[in-house]
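Both backbone and side-chain heavy atoms feed into the values below; hydrogens, waters and symmetry mates do not.
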Amino acid sequence: METSQANGTSVTFPKIISVDDHTVEPPNVWQDRLPRKYRDTGPRIVRAPLKEMSFLGGRFAPVMGAPGDTGPVGDWWVYEDLHRPLTRLDTAVGYSRDEIKLEVITYEQMRPGSYDVPRRLADMDVNHVQSALCFPTFPRFCGQTFTEAKDRELGLLGVRAYNDWMVEEWCGPEARGRLIPLTLVPLWDAGLAAAEVRRNAERGVRAVAFSEIPPRLGLPSVHTDDWDPFLAACDETGTVIAMHIGSSSRMPSTSADAPPAVGSTITFANCCFSMVDWLLSGKFERFSNLRVMYAEGQIGWIPYILERADVVWEENRAWGGVADKVHRPPSELFADHVCGCFFDDAFGLRNLDAIGVGNVLYETDYPHSDSTWPKSREVGEAQMGHLAADVVERIVRGNAIELLGLTEDGLWPGQAGRAATTADE
């Protein structure tokens, strides 16, 4: 049994339910599931050299070389006109921080737990993680890769193929309930999105990826009624809307030449903007069962935003365009509808009372460069040592169980019956 000290008392640190990990899709996900006529245009892996690549001003710009060109060789996803390489930033665990650079890689050069279910479970065991919700890699964090494609029929098939793989294979029998499905929707059509939410809800899915700032993808904002069919489907099925940093295809930055470290420091900013949108949109009052979560956004910024939003609502709502649709203080709406997610935020945990114990979720971000793997338990113990054991339990697993409809043991019900006893239970 692994123990830590909390308030002077020896306690067992809870097994972690991570609400933000990532899967690197195996090469065959779409080739195995798309109709034959789309095999040559649908997503597929090509091994090719890198011609050039930059990541400045929050924009990632790789260029694939031609056969015979010089340059480092990597595995590239090719889809219509898109060429997107696998990079070390996609799967950095197992490497020292100084070895993690912006470079192309092949599947053989990544940790197998990035794409292989049994190896993922083994890496979760090493990290004291019981269960994990995983965001995509090639489709990007809310499936915007398919939204940006030209062929809508192929895009819809691509979304459905990913969801089938997610539910039936990634979270299938081998996962034994420890991997929690997160599905995509065709963002270009709210009616189709609603249908996909319901299709997946019928097989036990309780979370769907969405963009933190849809207008940056050329889509309507949450202040319009355009998304109502999708929101109604989520409200009716108890499907949580999960928004990851970068799910607007634009990481926050300050200038076109700002190095990635600038954006990495302020990654929470999009979540901040997005949360204000939702709190002042009126959607939480129209769809009373709706819940949203902000993956990898951290939590330390939340208290001030809630304070400011309440002041604006109280003092300026008459001219601020919200008096007729937001009838409660934004902080109250936050308490009922929003969860912030963190993996390393000592400041946020020192201000937990201003956020709410029930509105915070823990994550490990495996296998990304920011990940706390394999020391997520140690980081949690160090940052939560001042909290009571029951509070730690809620943050590390209890809130996720309630939000995602997991079993009491923290497993996805769709495969919970197949769960095996882990080594330290």
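Under the 30°/60° scheme for interplanar angles, the aromatic rings of F284 and H337 are found to lie parallel.
Inspection of the R111 and T91 side chains reveals no N or O donor paired with an N or O acceptor under 3.5 Å. Side-chain N/O atoms of Q383 and D345 include no donor and acceptor closer than 3.5 Å.
Partners of D310 according to the salt bridge (charged side-chain N to carboxylate O under 4.0 Å, His left out) rule, which considers only residues two or more places apart in sequence or in another chain, do not exist here. The salt bridge (charged side-chain N to carboxylate O under 4.0 Å, His left out) search around R120 returns none, not counting sequence neighbours.
Using a cutoff of 4.0 Å between basic side-chain nitrogens and carboxylate oxygens, R397 and E393 are scored as salt-bridged. Salt-bridge check for K325 with E285: failed, with every basic side-chain N at 4.0 Å or more from each acidic carboxylate O. With salt bridges taken as basic N to acidic carboxylate O contacts below 4.0 Å, none links R394 and E402. A salt bridge does not link D189 to R152: none of the charged side-chain nitrogens sits closer than 4.0 Å to a carboxylate oxygen. With respect to the salt-bridge test (charged N to carboxylate O, under 4.0 angstrom), the residues R203 and E168 qualify. Classification of R199 and D164 as a salt-bridged pair holds, one side-chain N sitting under 4.0 Å from a carboxylate O.
Checking side-chain atoms of W412 against main-chain N and O of G204 turns up a donor-acceptor pair under 3.5 Å. Counting only distance, with no hydrogens or angles, the side chain of S274 and the backbone of N270 share no donor-acceptor pair below 3.5 Å. Without hydrogens or angle criteria, S131 side chain to G410 main chain gives a donor-acceptor distance under 3.5 Å.
In K51, the NZ atom is not crowded: 12 or fewer heavy atoms of neighbouring residues, nucleotides or ligands sit closer than 6.0 Å.
Atom-to-atom distance recorded for K283:NZ and S288:OG is 14.0 Å, nearest 0.5 angstrom. Note: N359 CG to C341 SG = 10.5 Å, rounded to the nearest 0.5 Å. The CD atom of Q109 sits 8.5 Å away from the CG atom of D75 when rounded to the nearest 0.5 Å. Taking OG1 from T147 and CG from L219, the interatomic distance works out to 6.0 Å, rounded to the nearest 0.5 Å. Once rounded to the nearest 0.5 Å, the distance linking CZ of F287 with CD1 of I241 reads 9.5 Å.
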Check your understanding: Do F210 and F230 pass the ring-ring contact (aromatic ring centres under 6.0 Å, His included) test, and can you show the C-alpha distance, the side-chain angles, and the key distance before you say yes or no?
Key -> CA-CA 10 Å; F210 190 67; F230 165 70; 5.1 Å; yes
Point to revise | Intermediate values then yes/no, side-chain contact (heavy atoms from CB on, under 4.5 Å), I213 and M243 | key: CA-CA 9 Å; I213 309 176; M243 293 173 282; over 6 Å; no
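Annotation: Y362 is in aromatic contact with F342 [ring centroid separation under 6.0 Å]. Ring to ring, Y79 and F146 are close: their centroids are under 6.0 angstrom apart.
When side chains are defined from C-beta on, M293 does not count as touching E363, because their heavy atoms never get closer than 4.5 Å.
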